[in-house]
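Some notes on the structure that comes next.
For reference, positions follow the sequence shown, starting with 1. This one's a predicted model, so the numbers in the text were calculated from it and none came from an experiment.
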Amino acid sequence: MARSPLTLAASVTSALPRVGVVGVGALTEGAAGRYDAAIAELDDGRRVVIRVPADDTAVPELAAEVRALRALTPGVRGLLPFRAPELLGEAGIGDSRAVVVDFLPGYRVDAAHLPPGRGAATSLGASLAALHALPLSIVRTEGLPVRTPQQVRTDTARLIDRAEATRRTPKALLSRWQRAVAADELWRFESAVVLGGAGAASFLFDDIDGVPQVTGLLEWHGLSVGDPAADLQWLASAPAAADDVYAAYVAHSGRAPDARTRERSRLYAELEFAKWLIHGHEAGRQDVIDDAVALLQSLGAGVAGDDILTDDALDVDDAIALLDRMPDASPVAVDTSMQTDAYDPEELSLWITTEQGDEADPAETAQDPALADTAPVAGGRKRTSAGATSSDAAAGAAARTASTWHPDEVSTAPIDLSSLDSRADHVSDADEEREAERASRAAFQRWASSDSE
């Protein structure tokens, strides 16, 4: 049974001695069923977020989050162009632990709704480049995971072998992935500090001179040393802005240029389907297996005849030239009252693109809640239970006492910037080449966020 906001707020005084709680409210959406979460206002004017694992499966992730936030010393935070939550304290609550961090204001944007051009897309690319430029010692000192390029390559090969062992993976996809693993050129990269697959919706935005800019980053539990491409796999879910995000990322990177990061990120995104199949096979879930096979077949149709490793690679000069050609971002009217401190964001919209590429009604195509406890997402995020719907959040807000805030102040639903920007791309149904890409994206958009295995 979920803990009430009042119960969670009571743990604040244990975690933070000599402070009083003057207001409390439910933190909407962000926990996605994996955490009980609330936001509290303290008597010194601060707002804090309290989270407690809803079950044992979320305990390791929250522990990893705590370790990562402790690694972010003031000196490290000073190297980043955005804020990270500050760990304020911990306290026991029953048989579990409550973690208290400061509340970060801002709004989120789903990858699928990220508009192209200067602004949100380029700010995301530059922010990821800054993160990947952090000294490796930050991770090593805290004893967090460290993987070399060869270890990453070996782990990828093992994952493909496990997918092949299920005997349900399309042979064309297996060959495509195996050719990628065998290509030495693809694996010549420099390990960096990474988030382990955090997506676009893990970032917080605010409007600066009318243009969306990254101001904060949630989701730190995957902090480690590994392949920077893992943090870019969500680009497969952002067709309109992917090129601009990546161009900004390359142009702002202070590390040795890696011309094949984009290809590896695509490989990792595709392998999330393989992980889904493996999960279903090992769990004995025929419904999951059938769903994974359908997704893999759709993916195979969308990438038929293509290789992961392309002939062209984007280097620094190409990226700078592309950025120079981008139009300046025009001011976008965004309602920044949609604040967030979500820690398990939706990577993709909950509606499913049909095979014909028509946009479906979200109310008709939202993922079946019966499968939401294990469904994968293209960006690599996973969760163990479905998040609250907007109607659930509204009902909860209506039931709050007068001491809580208006629900818009802590709403965590990502917004659609592309609908406010006339530069958003429109895909032509008559274009056969784009139809193939849409078929692949349709499979990716069937996945809803779930907890990593």
Pairwise side-chain contact, Arg147 with Asp155, heavy-atom cut-off 4.5 Å (strictly under): yes
Expected output: side-chain Ser298 to main-chain Leu295 donor-acceptor under 3.5 Å: no
Leu173 side chain reached by Arg176 side chain, heavy atoms, under 4.5 Å: yes
Ile93/Leu8 under side-chain contact (heavy atoms from CB on, under 4.5 Å): CA gap, chis, key distance, verdict: CA-CA 8 Å; Ile93 179 170; Leu8 296 175; 4.1 Å; yes
Stepwise side-chain contact (heavy atoms from CB on, under 4.5 Å) check, Val12 with Ile50: CA-CA 7 Å; Val12 173; Ile50 313 101; 3.4 Å; yes
Exam field: side chain Thr169 to backbone Leu174, donor-acceptor pair closer than 3.5 Å: no
Beyond-backbone contact of Leu69 with Glu86, side-chain heavy atoms, under 4.5 angstrom: no
Inter-residue atom distance Arg285.CZ - Trp276.CH2, 0.5 Å rounding: 6.5 Å
Polar side-chain atom of Ser127 near backbone of Ser123 as donor-acceptor pair, under 3.5 Å: yes
side-chain contact (heavy atoms from CB on, under 4.5 Å) between Phe205 and Thr215, worked out: CA-CA 5 Å; Phe205 292 86; Thr215 57; 5.6 Å; no
Ring geometry between Trp220 and Phe82 (parallel below 30°, tilted from 30 to 60°, perpendicular above 60°): tilted
Note: Glu272-Lys275 ion pair, threshold 4.0 Å (strictly below): yes
Cationic N near anionic O, under 4.0 Å, Arg46 to Asp102: no
Tyr107 side chain near Leu204 side chain, heavy-atom distance below 4.5 Å: no
Reported CG-to-CG distance for the pair Leu186 and Leu267, which is rounded to 0.5 angstrom: 7.0 Å
Under 3.5 Å: donor-acceptor pair, side chain of Thr261, backbone of Asp258: yes
Gap between atom CG of Leu271 and atom CZ of Arg162 - 0.5 Å precision: 11.5 Å
CG/Asp44: more than 12 non-hydrogen atoms of other groups inside 6.0 Å: yes
Distance-only side-chain donor-acceptor flag, Glu263 / Tyr268, under 3.5 Å: no
pair Ile160-Gln178: side-chain heavy atoms closer than 4.5 Å: yes
Matching residue for Glu90 among Arg67, Arg70, Arg51 - test: salt bridge (Lys or Arg N to Asp or Glu O under 4.0 Å): Arg70
pair Pro81-Val214: side-chain heavy atoms closer than 4.5 Å: no
Closest non-hydrogen atom pair, Ala71 against Glu142: CB-CG, 3.3 Å
Ser202 OG to Arg108 CZ distance, which is reported to the nearest 0.5 Å: 8.0 Å
Backbone N/O of Ile138 and side chain of Thr141: donor-acceptor pair under 3.5 Å: no
side-chain contact (heavy atoms from CB on, under 4.5 Å) partner of Ile308, the single match among Arg262, Arg264, Glu270, Arg260: Glu270
Salt-bridge contact Glu164-Lys171 (side-chain N to carboxylate O under 4.0 Å): no
Side-chain donor-acceptor pair present, Gln286, Asp290, cut-off under 3.5 Å: yes
Validation row: Ser96, Arg3 side chains within 4.5 angstrom (heavy atoms): yes
side-chain contact (heavy atoms from CB on, under 4.5 Å) assessment of Val100 paired with Val49: CA-CA 6 Å; Val100 182; Val49 172; over 6 Å; no
Asp231 side-chain N/O to Gly197 backbone N/O, donor-acceptor pair under 3.5 Å: yes
Euclidean distance, Asp291 CG relative to Leu277 CG, rounded to 0.5 Å: 10.5 Å
Trp187 side-chain N/O to Val181 backbone N/O, donor-acceptor pair under 3.5 Å: yes
Atom pair CG (Leu217) and CG (Leu131), whose distance is rounded to the nearest 0.5 Å: 7.0 Å
Check: His221 main-chain N/O paired with Glu65 side-chain donor or acceptor under 3.5 Å: yes
Minimum heavy-atom distance Leu114-Ala120, with the two atoms named: CD1-CB, 3.7 Å
Residue pair Thr7 / Ser4, side-chain donor-acceptor N/O under 3.5 Å: yes
Side-chain heavy-atom pair Pro228, Leu128 within 4.5 angstrom cut-off: no
